[in-house]
> 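This is the structure, below, for whatever I ask next.
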Protein chains: 2
Amino acid sequence: MDSENILERPFITITNLIWSFDHATNRVNILLVKRDNDPYNNYWALPETFMRAQESAEEAALRLVKEKIGMDLSGSHTEQLATFTNPLRTPGDRALSLGYMTFLPDKPQLKAGYGASDARWFTMGYTDKTYTFSDSDHIFQSTDCPVQRTYYSEFGGTNADPDKHLAFDHEWILKVACDRIRNKLDYQPNILLILGGKFTLKDARRVYSPFLKVRVEQIDNSNFKKSHQELFTDIGSSEVNGPGRPARLYKLAHLSA
Amino acid sequence: MDSENILERPFITITNLIWSFDHATNRVNILLVKRDNDPYNNYWALPETFMRAQESAEEAALRLVKEKIGMDLSGSHTEQLATFTNPLRTPGDRALSLGYMTFLPDKPQLKAGYGASDARWFTMGYTDKTYTFSDSDHIFQSTDCPVQRTYYSEFGGTNADPDKHLAFDHEWILKVACDRIRNKLDYQPNILLILGGKFTLKDARRVYSPFLKVRVEQIDNSNFKKSHQELFTDIGSSEVNGPGRPARLYKLAHLSA
DNA sequence: ACAAAAGTGTTCTAGTTACACCCATGT
DNA sequence: ACATGGGTGTAACTAGAACACTTTTGT
């Protein structure tokens, strides 16, 4: 097919958004790494890898998890987010990014992997227009720009301040990811996999909260149960660990691949 | 980033689903081409091209339209569908496919382009489990398999009958596309762009009909208007062309890129 | 006047929201 | 006993479905 016109093939990058839940703080977390190679050396970024010839993109995304946090997730849930192809997204060599998301059943300790001088969990929050991801030293945000073309035309590249902005177009990718998760909250809330195999309704509301940009108490438990019970299966009562009635435990009713 | 382990880079294919509407028959159409090179020589397929180094994937998708049907669509609406990476999807060399969709404002005559011995419009219909695409000689269908992994594990490859099946995993791609369009019907019905700049409510219902798998008359006009009027803008009355009251004309209220 | 095509309005129902109340546990 | 966290129930409201009716055109 007009193969004489094919120029060099672009690099294919797998970008994986790795989510977890901290049961101590009851907050949603995402994994960011500090790059130690160019481009965007010393910027914080979503974890990335290159795809190998004999693996599917999903496999590459899971291998990336293993490299970054030393966790074997052969059976874990990974789903495709979108593919990012804008020529402006990388300086120099063209690179396509295939975006994936992995929902970890717990929040493991981290060790920096290949190509990263640091790897940390960032806690999710929100503002009026953005989602925020912060640790003790930094706060990063999804872009507040709603339109793709506008975002890339105003894209700062490597001039941005590495203490305030992420590498590449990762602030756009974060926006796409959070919007996607939010849209699926009412019919396929795979994000709840970060709660592990079982969870209480309150846990679920704590996960929904930042995506809906409301406080947990603003999500009425009675109504939440009524409108989501078809998605959850009751698997008995939780063990007691404090004052108050023990909560019932649920699991996701049907995961579709 | 562990670059010593990168094997050969895969081929990147752009697969574009090109939709149009036939105002004579009031049916939705999709463009298929008959391949005249390997693999899948002589099979019908969705139009594909390779991406060039200096164009974005969207640009490649639009260039493909120009090559296939000689139509310049610089300003047309193209949106990303998904990326297909399963190693089983191509025999021999690995090829990723970036899926896009283009909604043509009319239904032009066709001429076969590079890499195709024929190019035709196929009329959309439906069965219980599938969407159908037929012309006078053939009827092809989206897969009836609901699960990606199952689909690829049962995937027949080049053993399938070229008069009954499409090339590659294009029956899976068709399913993903139709499901996507259906899901967006109630909040971002970009598929209506195939009606051109203006349309009547009945036109809109004729487009919705095959995706919802119901006959046009089963979509109540009153209720349809009530639940979709925020998506449409009234732009006056249509000219008269037969018995009956002239219909009002609408356009899409807000297209987001 | 009547048939055809399109638009409007009304009832009925089902799903949401707000909020009050009841239950189980630890101290 | 009572405070705390969690589950249940009900009334009000709102969005959707079914269907009858009115308007505008051509013959």
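Residue numbering restarts at 1 for every chain, and letters A, B, ... go by the order of the sequence lines. The figures that follow rest on heavy atoms only: side chains count, while hydrogens, waters and symmetry mates do not.
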> Any salt bridge between A/Asp137 and A/Arg120, counting N to O under 4.0 Å?
yes
> Just the endpoints, please: which first and last nucleotides of DNA chain C, 5' to 3', lie under 4.0 Å from a heavy atom of chain B?
C/dA4 to C/dT10
> Just jot down the ring-ring contact (aromatic ring centres under 6.0 Å, His included) partners of B/Phe211, sequence neighbours excluded, or say none.
B/Trp19
> State which residues pass side chain to side chain donor-acceptor pair (under 3.5 Å) with A/Tyr131; sequence neighbours excluded, sorted by chain then number.
none
> Taking side-chain contact (heavy atoms from CB on, under 4.5 Å) as the test, write out the residues that go with A/His228, two or more places apart.
A/Asp186, A/Tyr208, A/Phe224, A/Leu231, A/Phe232
> Please tell me which of B/Leu249 and B/Gly244 maps to the more 5' nucleotide of DNA chain C, matching each residue to the nucleotide holding its nearest heavy atom.
B/Gly244
> For DNA chain C, which residues in residues 202-225 of chain A have a heavy atom at a distance below 4.0 Å?
A/Asp220, A/Ser222, A/Asn223
> Applying side chain to side chain donor-acceptor pair (under 3.5 Å), can you list everything that pairs with A/Glu230, at least two apart in sequence or on another chain?
none
> Can you name the residues that form a side chain to side chain donor-acceptor pair (under 3.5 Å) with B/Lys225, not counting sequence neighbours?
none
> Could you give the start and end, 5' to 3', of the contact zone on DNA chain D for chain A, using atoms under 4.0 Å from its heavy atoms?
D/dT4 to D/dT10
> Considering heavy-atom distances to DNA chain D, does B/Gly242 or B/Arg245 have its closest nucleotide positioned more toward the 5' end?
B/Arg245
> Quick one: list whatever passes ring-ring contact (aromatic ring centres under 6.0 Å, His included) with B/Tyr250, sequence neighbours left out.
none
> Checking B/Asp234 now: which residues fulfil side chain to side chain donor-acceptor pair (under 3.5 Å) with it, not counting sequence neighbours?
B/Arg248
> Got a sec, which residues hit side-chain contact (heavy atoms from CB on, under 4.5 Å) with B/His138, two or more places apart in sequence or on another chain?
B/Trp44, B/Phe122, B/Asp135, B/Phe140, B/Asp163
> With sequence neighbours left out, what residues match B/Glu58 under side-chain contact (heavy atoms from CB on, under 4.5 Å)?
A/Thr85, A/Gln148, B/Ser56, B/Tyr100
